[in-house]
Chemist: 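Structure provided below as structure tokens; questions to follow.
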Amino acid sequence: ISAITNPGGDTYTPSSGIWQTVWAEFVPKNYVQHLHIEQSMSSAVVTVTAATAGTGVTIDVMDEGTIVGTFTGKAGSPITLKP
């Protein structure tokens, strides 16, 4: 409202406003905040570190849509995936 009544104090003019689409997105309570994946070049071992808002992490390893392994660990700590 101050931009309309007194436009000199900011970059908006009385005829300006929001000119692009605005939206709000739902963010679940528990989501991945950071993900680090490290692969060993000498073996078939992968280490995953997933920082989440929760305390635990479950990782499903899939091959063409079929779960071939499930691993669990503490959020923020490395989880080693071995065949």
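Hydrogens, waters and symmetry mates are skipped; everything else that's a heavy atom, side chains included, is used. No experiment lies behind these values; they were computed from the predicted model shown.
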Chemist: Give the C-alpha distance, both sets of side-chain angles, the deciding distance and a yes or no for side chain to side chain contact (heavy atoms under 4.5 Å, CB included) between V61 and L81.
Modeler: CA-CA 9 Å; V61 178; L81 315 179; 4.2 Å; yes
Chemist: Are V48 and V45 co-members of a hydrophobic cluster defined by side-chain heavy atoms under 4.5 Å apart?
Modeler: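 Different clusters: V45 never reaches V48 through Ile, Leu, Val, Met, Phe, Trp or Tyr contacts under 4.5 Å.
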Chemist: Rounded to the nearest 0.5 Å, how far does OG1 of T49 lie from CD of E38?
Modeler: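 Nearest 0.5 Å value for the CD-OG1 distance: 7.5 Å.
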Chemist: Taking all heavy atoms of A50 and all of L35, pick out the closest pair and write down the distance.
Modeler: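 Nearest pair, atom of A50 first, then L35: CB-CD1, 4.0 Å.
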Chemist: Looking at T70, is its backbone amide N or carbonyl O close enough to the side chain of D60 to form a donor-acceptor pair, meaning the two atoms are under 3.5 Å apart?
Modeler: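 Not confirmed, D60 side chain does not pair with T70 backbone.
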Chemist: Once rounded to the nearest 0.5 Å, what's the spacing between atom CE of M62 and atom CD of E64?
Modeler: 11.0 Å
Chemist: Search all heavy atoms of K29 against all heavy atoms of A53 and return the closest pair with its distance.
Modeler: O-CB, 3.6 Å
Chemist: What closest approach, in Å, do A75 and T52 show between heavy atoms, and which atom pair accounts for it?
Modeler: CB-OG1, 3.4 Å
Chemist: Any idea which heavy atoms bring P78 and T47 closest together, and the distance?
Modeler: CB-CG2, 3.6 Å
Chemist: How far apart are the closest heavy atoms of T80 and F71, and which atoms are they?
Modeler: O-CD2, 3.9 Å
Chemist: Side-chain heavy atoms nearer than 4.5 Å, only ILVMFWY residues, links allowed to pass through others: does that put V68 and I59 together?
Modeler: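 As far as the 4.5 Å side-chain criterion goes, I59 and V68 are connected within one cluster.
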Chemist: Please report the interatomic distance CD1(I79) to OG1(T72), rounded to the nearest 0.5 Å.
Modeler: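 Reported value, rounded in 0.5 Å steps: 7.0 Å.
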